[in-house]
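Down below is the structure, laid out as structure tokens.
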Amino acid sequence: MPLKKNSGKPLLTQRKADPARIVAAAIACIEKYGAKHTGVAEIAAAAQVGRQTVYRVFPTRKLLLEAVLTERLRLMAQKLRPVIAGYDSFEDAVVNGSIKSVATSRGDEIFVAALNEIDHAGAERYLVSPGSPMDDFMSLVWSEALTSARARGELRANLKDLDILNWLRAVLLIVTIREDLKPREVAALLKAFVVPSLVTGIPAP
């Protein structure tokens, strides 16, 4: 009995789709071509899968871009968590750690490019809606610092971790958008309005 001829398609198109592989390919394409010029054809070629495979995993371009954002957040969280946890006081973590966090997110060109490709409503939902990947990001980055701060008795007793994380996220988003603010100005705002609201015994200047 003669052997069947190869279909000519890349081997990976006949396998189960791997979301992580597609996301990695999308990131590589955005880095190479820019987000505006990265389409399904380029991503499929980079991932060595068919375009239909990409559509099965990510039915819309926005979903794929959001997956890229989530992966970049994961990588940023890995970098920031030991930095935030390494400060000797929660005041330093809030002030210096927040400045570092803002610089990290602004400096991630893939994250910024993907976010700019999502419509305004979609970006807002991704960044601020309850249950969004930003919840996981904030928890990963700040949970160890919060635990240490509570052990040192630094945090106001009536504050829950979730409330603190939501407050910090709102502040960080505002500061990140305000690109006109210099680090010393950001530090002054954090010391005046954020630190006194979280840390016991520190009055507003």
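Count residues from 1 along the sequence.
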In terms of hydrophobic clustering (I, L, V, M, F, W, Y; side-chain heavy atoms under 4.5 Å; direct or indirect links), are Leu140 and Val128 co-clustered? no

Shortest non-hydrogen contact from Ala85 to Glu144? CB-CD, 3.6 Å

Which is it for Phe58 and Ile43 under the side-chain contact (heavy atoms from CB on, under 4.5 Å) test, yes or no, and what are the steps along the way? CA-CA 12 Å; Phe58 299 104; Ile43 295 169; over 6 Å; no

May I ask you to check whether over 12 heavy atoms, not counting those of Tyr87, lie within 6.0 Å of atom OH? yes

Please answer: with hydrophobic residues joined when any side-chain heavy atoms are less than 4.5 Å apart, are Val112 and Leu172 in the same cluster? no

Leu80 versus Lys100: any side-chain heavy-atom pair under 4.5 Å? yes

Cluster question for you: counting only ILVMFWY and a side-chain heavy-atom cut-off of under 4.5 Å, with indirect links fine, are Val94 and Val199 together? yes

For Arg74, does the CZ atom sit with more than 12 other heavy atoms under 6.0 Å from it, leaving out its own atoms? yes

Quick one: closest heavy-atom pair of Arg150 and Ile164, and the distance? NH2-CD1, 3.9 Å

Check against side-chain contact (heavy atoms from CB on, under 4.5 Å), Val57 and Val49: CA-CA 11 Å; Val57 179; Val49 300; over 6 Å; no

Does the side chain of Leu146 come within less than 4.5 Å of Phe90's, by heavy atoms? yes

Gap separating the OH atom of Tyr33 from the OG1 atom of Thr38, nearest 0.5 angstrom: 8.0 Å

Approximate separation, where rounding is to 0.5 Å, of Leu162 CG and Met138 CE: 10.5 Å

Heavy-atom pair of closest approach, residues Ser132 and Arg169: OG-NH1, 3.5 Å

Heavy-atom side-chain proximity of Asp119 to Lys62 below 4.5 angstrom: yes

Hphob cluster co-occupancy, Ile110 + Ile118, side-chain heavy atoms under 4.5 angstrom: yes

Measuring from Leu165:CG to Leu159:CG, what's the distance to the nearest 0.5 Å? 11.0 Å

Would you say that Leu65 contacts Leu69 through its side chain, given a criterion of any heavy-atom pair below 4.5 Å between the two side chains? no

State whether a side-chain donor-acceptor pair under 3.5 Å links Thr53 with Arg56. yes

Closest contact, heavy atoms only, Ala35 versus Ile30: N-CG2, 3.9 Å

Please find the pair of heavy atoms, one from Phe111 and one from Ser105, that lie closest to each other, and give the distance. CD2-O, 4.2 Å

Heavy-atom closest contact (Arg51 atom, Ala41 atom, distance): CD-CA, 3.9 Å

Report yes if the side chains of Arg178 and Glu185 come closer than 4.5 Å at any heavy-atom pair, otherwise no. no

Val175 with Phe193, same ILVMFWY side-chain cluster at under 4.5 Å: yes

Once you round to the nearest 0.5 Å, how far does OG of Ser101 lie from CZ of Arg81? 14.0 Å

Check this for me: does any side-chain nitrogen of one of Lys32 and Glu42 sit under 4.0 Å from a carboxylate oxygen of the other? no

Decide yes or no for Leu75 and Gln78: does some side-chain heavy atom of the first lie under 4.5 Å from some side-chain heavy atom of the second? yes

Give a yes or no on whether Glu109 atom CD has more than 12 heavy-atom contacts from other residues, nucleotides or ligands under 6.0 Å away. no

Exam field: side chain Ser139 to backbone Asp135, donor-acceptor pair closer than 3.5 Å: no

So CD of Glu154 and CZ of Arg152: to nearest 0.5 Å the spacing works out to 4.0 Å

Quick one: does Leu127's side chain get under 4.5 Å of Leu115's, heavy atoms only? yes

Can you find a pair of side-chain heavy atoms, one from Val194 and one from Leu168, that are under 4.5 Å apart? yes

Would you give the length of the straight line joining atom CD1 of Ile99 to atom CG of Leu190, rounded to the nearest 0.5 angstrom? 6.5 Å

Sequence neighbours excluded, the answer for side chain to side chain donor-acceptor pair (under 3.5 Å) partners of Arg106 is none

